[in-house]
Structure formats: structure tokens, C-alpha cells
Amino acid sequence: MNGTASPLRVAILISGRGSNMQALIDDCARPGSPARIDLVISNKPDAAGLARAGAAGIPTAVVPHRAVAERAAFEAEISAKLQAAGIQLICLAGFMRILGDEFVDAWRDRMINIHPSLLPAFKGLDTHARALAAGVRFHGCSVHFVRPEMDTGPIIAQAAVPVVATDTPDSLAARVLTAEHCIYPLALRWIAEGRVRVENERAVIDGATAPQQPLINPQP
Ligand code: GRF
């Protein structure tokens with residue numbers, strides 16, 4: 001996608017603690033990173049992630065959300081800030097507002113999200129409790145391009161984690177979160193290196209290889 005020597009200019013949209021944002025910031029701080037985090041926007045003024053971004057020296061902005069009827073104004077304000085910063089890619093990282101079709105279409109294939117499940121399973125909220133209730137043996141996380149329908153879009157990377165018999169939603173969430181912090185920076189790096197394209201609504205990664213071993217849980 002990038003294809004030039006200058007780093008891809010990235011904005012991260014958050015609503016909360018910002019641990020995924022931090023993982024992206026840390027990875028982009030490595031020398032020679034193909035991506036640069038130029039802006040962090042929160043819809044909540046008290047989001048803990050804002051302080052973390054500030055501590056990393058990244059410009060931050062707060063765009064308070066409004067009633068659904070005024071969503072267009074909310075999104076116009078975000079768009080103005082993205083445009084002013086010359087942003088080329090948006091990373092949603094725990095951003096808890098639904099974005100309208102017009103905004104999503106304007107950023108088609110230039111906006112990615114991390115979701116705490118192996119999509120297309122467990123779209124929406126409370127994914128860890130729902131995975132436990134369903135009795136699945138593997139759970140995980142997905143990075144995907146954003147489409148208007150919530151938690152859909154071409155999948156760039158997934159990580160599977162085992163579900164353990166003693167898991168609670170919190171213990172499972174913690175295991176998944178560790179995996180999130182691995183795959184989100186990876187996906188961003190691949191995009192910034194120009195290795196990701198969308199073909200027939202599937203993401204294709206140049207030079208990607210898949211693990212060769214099946215994962216079995218419980219172990220035989
Ligand atoms: C993560 O679990 C992410 O998958 C989901 O929201 C959570 C955000 O956590 N979309 P954090 O703010 O990145 O710590």
C-alpha cells in the first residue's frame with residue numbers, strides 16, 4: 001500500500017485504556033519502521049490511552065461523541081483532524097463507537113480493526129464470556145479491514161489461543177490480549193510494507209506462510 005520510503009502516516013482511534021494502541025506505538029518506534037503513528041483520537045476525554053499516547057510524544061485529540069442523530073458531525077470532526085494530519089491509514093483500537101457507512105466507505109481498505117475473537121465467530125461484545133459459554137476449545141483475535149457491517153471485513157491476521165478448563169472471562173481475555181499485542185503490530189507493518197491487498201473481499205499477504213502443525217486442545 002505504501003510503496004515509498006516515507007513511513008505510512010497512521011492515526012489510532014481509541015475509547016479506553018489503549019493497550020493495543022501502545023503495542024502499535026512501540027512497534028512503530030523501532031528504527032526503520034515503515035509506519036508512523038501521527039495522531040491518536042479518543043471519543044472519551046478520560047480515556048487512559050490519551051495519557052499513554054501523550055507520554056510517547058504523539059499528538060492527541062478528543063472528539064466527544066454525540067447522539068446518533070448527530071453522528072455525521074462527529075465523523076466530520078474526526079475526518080477534519082485526519083485530513084489535517086495527512087493520515088493514510090486508521091487503526092481502530094478499542095474504539096467503541098459505530099462509524100457510519102459513509103465514513104467507512106471513505107476509508108475502505110485504509111481502516112483496520114482488532115476484534116477479540118476468531119471472526120466470524122463472536123462478533124460484538126462480551127466475546128470471552130460467550131466463547132466460554134459455547135465451550136469452544138480455541139478462542140483468539142482477528143485484525144481485519146473495516147466494512148460497514150460491524151466486525152466484518154477481509155481478515156488480515158488471526159491468533160488462536162487455547163481455552164483452559166479453569167478459564168474465567170478475565171483469564172481468557174488476558175491470554176487473548178497478549179496475542180492481540182502481537183498480531184496488531186504485525187498487520188500494520190505488513191500493510192505499511194505494501195504487502196497487503198484485497199482481492200474478492202479477501203486479504204492477500206505477499207510472502208506470508210502458515211503454520212504447518214495442527215493445534216489440538218485438549219492435548220491427546
Ligand atoms: C481489545 O480487546 C480489542 O480487541 C477490543 O477492545 C479492546 C481494547 O483494549 N476491540 P485496549 O484499549 O487496546 O487495551
Side-chain angles (χ1 to χ4, degrees), residues 10-29 35 37 39-56 58 60-65 78 89-99 103-104 107 110-134 136 138-163 167-191 203:
V10 177
I12 306 176
L13 270 54
I14 62 168
S15 299
R17 69 187 160 183
S19 72
N20 277 290
M21 173 208 74
Q22 187 75 59
L24 296 175
I25 289 173
D26 291 348
D27 196 65
C28 288
I37 311 300
L39 179 62
V40 169
I41 299 178
S42 172
N43 64 311
K44 290 193 164 183
D46 58 351
L50 285 170
R52 302 174 85 164
I58 293 167
T60 61
V62 176
V63 180
H65 59 258
I78 291 178
L89 182 87
I90 299 174
C91 294
L92 304 179
F95 184 67
M96 299 304 286
R97 302 303 291 184
I98 291 175
L99 294 162
F103 186 94
V104 173
W107 287 90
R110 299 186 301 141
M111 177 159 60
I112 62 178
N113 180 46
I114 184 141
H115 180 75
S117 78
L118 292 171
L119 291 172
F122 308 120
K123 295 171 182 168
L125 298 174
D126 299 323
T127 58
H128 311 301
R130 287 161 56 211
L132 288 178
V136 295
F138 289 100
H139 185 41
C141 49
S142 309
V143 180
H144 64 97
F145 286 108
V146 176
R147 295 291 183 262
E149 195 185 331
M150 192 178 63
D151 299 330
T152 67
I155 293 168
I156 302 161
Q158 291 186 309
V161 304
V163 177
D167 264 332
T168 63
D170 283 350
S171 67
L172 185 54
R175 194 172 309 120
V176 170
L177 193 64
T178 301
E180 293 182 36
H181 297 163
C182 293
I183 63 167
Y184 211 0
L186 273 180
L188 172 56
R189 207 184 309 157
W190 292 336
I191 291 171

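What's counted below: heavy atoms across the whole structure, side chains too, no hydrogens, waters or symmetry copies. Both counts, for ligands and for their atoms, begin at 1 and track the order of listing.
Remark: minimum distance from atom 4 (O) of ligand 1 to any protein heavy atom is reached at Glu180 OE1, 2.7 Å. What sits closest to atom 10 (N) of ligand 1 on the protein, heavy atoms only, is Ile114 O, 3.0 Å. Protein heavy atom at the shortest distance from atom 12 (O) of ligand 1 is Gly18 N, 2.9 Å. Of the protein's heavy atoms, Asn20 N, 2.8 Å lies nearest to atom 13 (O) of ligand 1.
Among Ser19, Gly94, Ala93, the residue whose heavy atom sits closest to atom 11 (P) of ligand 1 is Ser19.
Across all their heavy atoms, Tyr184 and Leu92 have their closest contact at OH-O, 2.7 Å.
Judged by distance alone, the side chain of Arg130 and the main-chain N or O of Leu125 form a donor-acceptor pair under 3.5 Å. For Thr60 (side chain) and Leu50 (main-chain N/O), no donor-acceptor pair under 3.5 Å exists by modelled atom type. Counting only distance, with no hydrogens or angles, the side chain of Arg175 and the backbone of Val163 share no donor-acceptor pair below 3.5 Å. Listed for the Ser142 side chain is a donor-acceptor partner under 3.5 Å among the backbone atoms of Leu119.
Contacts of His128 classified as ring pair (Phe, Tyr, Trp, His ring centres under 6.0 Å), with partners at least two apart in sequence or in another chain: His139.
The shortest separation from a heavy atom of Cys141 to ligand 1 is not under 4.0 Å, leaving the residue out of contact.
Residue contact check: Arg17 has heavy atoms under 4.0 Å from atoms 9 (O), 11 (P), 12 (O), 14 (O) of ligand 1.
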